Structures are given as C-alpha cells and as structure tokens.
Amino acid sequence: MVIAGFSSAHTLIPTYPEMLVAGTEELGMPKKVVDNLGSGLFNMNFAIGEVLGPLVGNQLYVSTGIVNTSNSAGGFILGFTLLYYLCCDKRMPWNKKQHDD
C-alpha cells in the first residue's frame, strides 16, 4: 500500500492539470466549472477503476490462470502506453502544431 500511495503521486496527479488546461483553453469554459467537472470526472473514473480492476482481474485469473492474466495485464498496459505516446506526446510531429507556444 505504501508503494501504491507513493506511485499515485507520479501517475495519477499529473493527468489532472492536463484535464483542467484542456477544459479552460480548448473548450473556453469558466475555470470554476472546469475545476468542478474535472474533479468529479477524475474521482468517478478512479472509483470505477478501483471497483472494476479487482473484479476483472479475478475473473481473468479464474478463467485463464495466473500466466495468461499477467500476460493480458502486461499487454493492456503496453498497448495503452503506446497509444498515449503516439497520441499525446508533444515530441511527435503531428502534435507539434497543437502544443507549440
């Protein structure tokens, strides 16, 4: 639990300011509305992940075993990482116009 709590500062918290910037600059919404919506969406999705993660993990374990469950989790994480890198990384040529100041 200590490792999970420490790592959340590095994995979860950096996404929150990006959501706020996207709402205020890209959508032109007032800052107070974006703060409330961003906080609500962030907490809702975090809670859904906390509930569905163990349920899906247990179901995978029961149906396929530990090796296939670990391979599935690793493949999902790798796929999400590659998708995030290709779509959101500022160093990619197709994202430079969008993020140049």
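Residue numbers run from 1 in the order of the sequence given. All values reported here derive from a predicted model rather than from experimental measurement. Hydrogens, waters and symmetry mates are skipped; everything else that's a heavy atom, side chains included, is used.
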Check your understanding: Considering all heavy atoms of both residues, which atom of T64 and which atom of T69 are nearest to each other, and what is their separation?
Key -> OG1-OG1, 3.4 Å
Check your understanding: Quick one: OH on Y61 to OG on S72, what's the gap to the nearest 0.5 Å?
Key -> 14.0 Å
Study note, to complete from the structure: For I77, the side-chain contact (heavy atoms from CB on, under 4.5 Å) test, sequence neighbours excluded, returns T81
Point to revise | salt bridge (Lys or Arg N to Asp or Glu O under 4.0 Å) partners of residues 41-61, not counting sequence neighbours, each pair once | key: none
Check your understanding: Could you state the interatomic distance from CG (L78) to CG (L83), rounded to the nearest 0.5 Å?
Key -> 11.0 Å
Point to revise | K31: salt bridge (Lys or Arg N to Asp or Glu O under 4.0 Å) partners, not counting sequence neighbours | key: D35
Study note, to complete from the structure: NZ of K32 to CG of L37, rounded to nearest 0.5 Å, is 12.5 Å
Review point. Would L52 and L41 show up in the same hydrophobic cluster when neighbours are defined by side-chain heavy atoms closer than 4.5 Å?
Key: yes
Exercise for review: Answer yes or no: is there a donor N or O on one side and an acceptor on the other, between the side chain of N58 and the main chain of P54, under 3.5 Å?
Suggested key: no
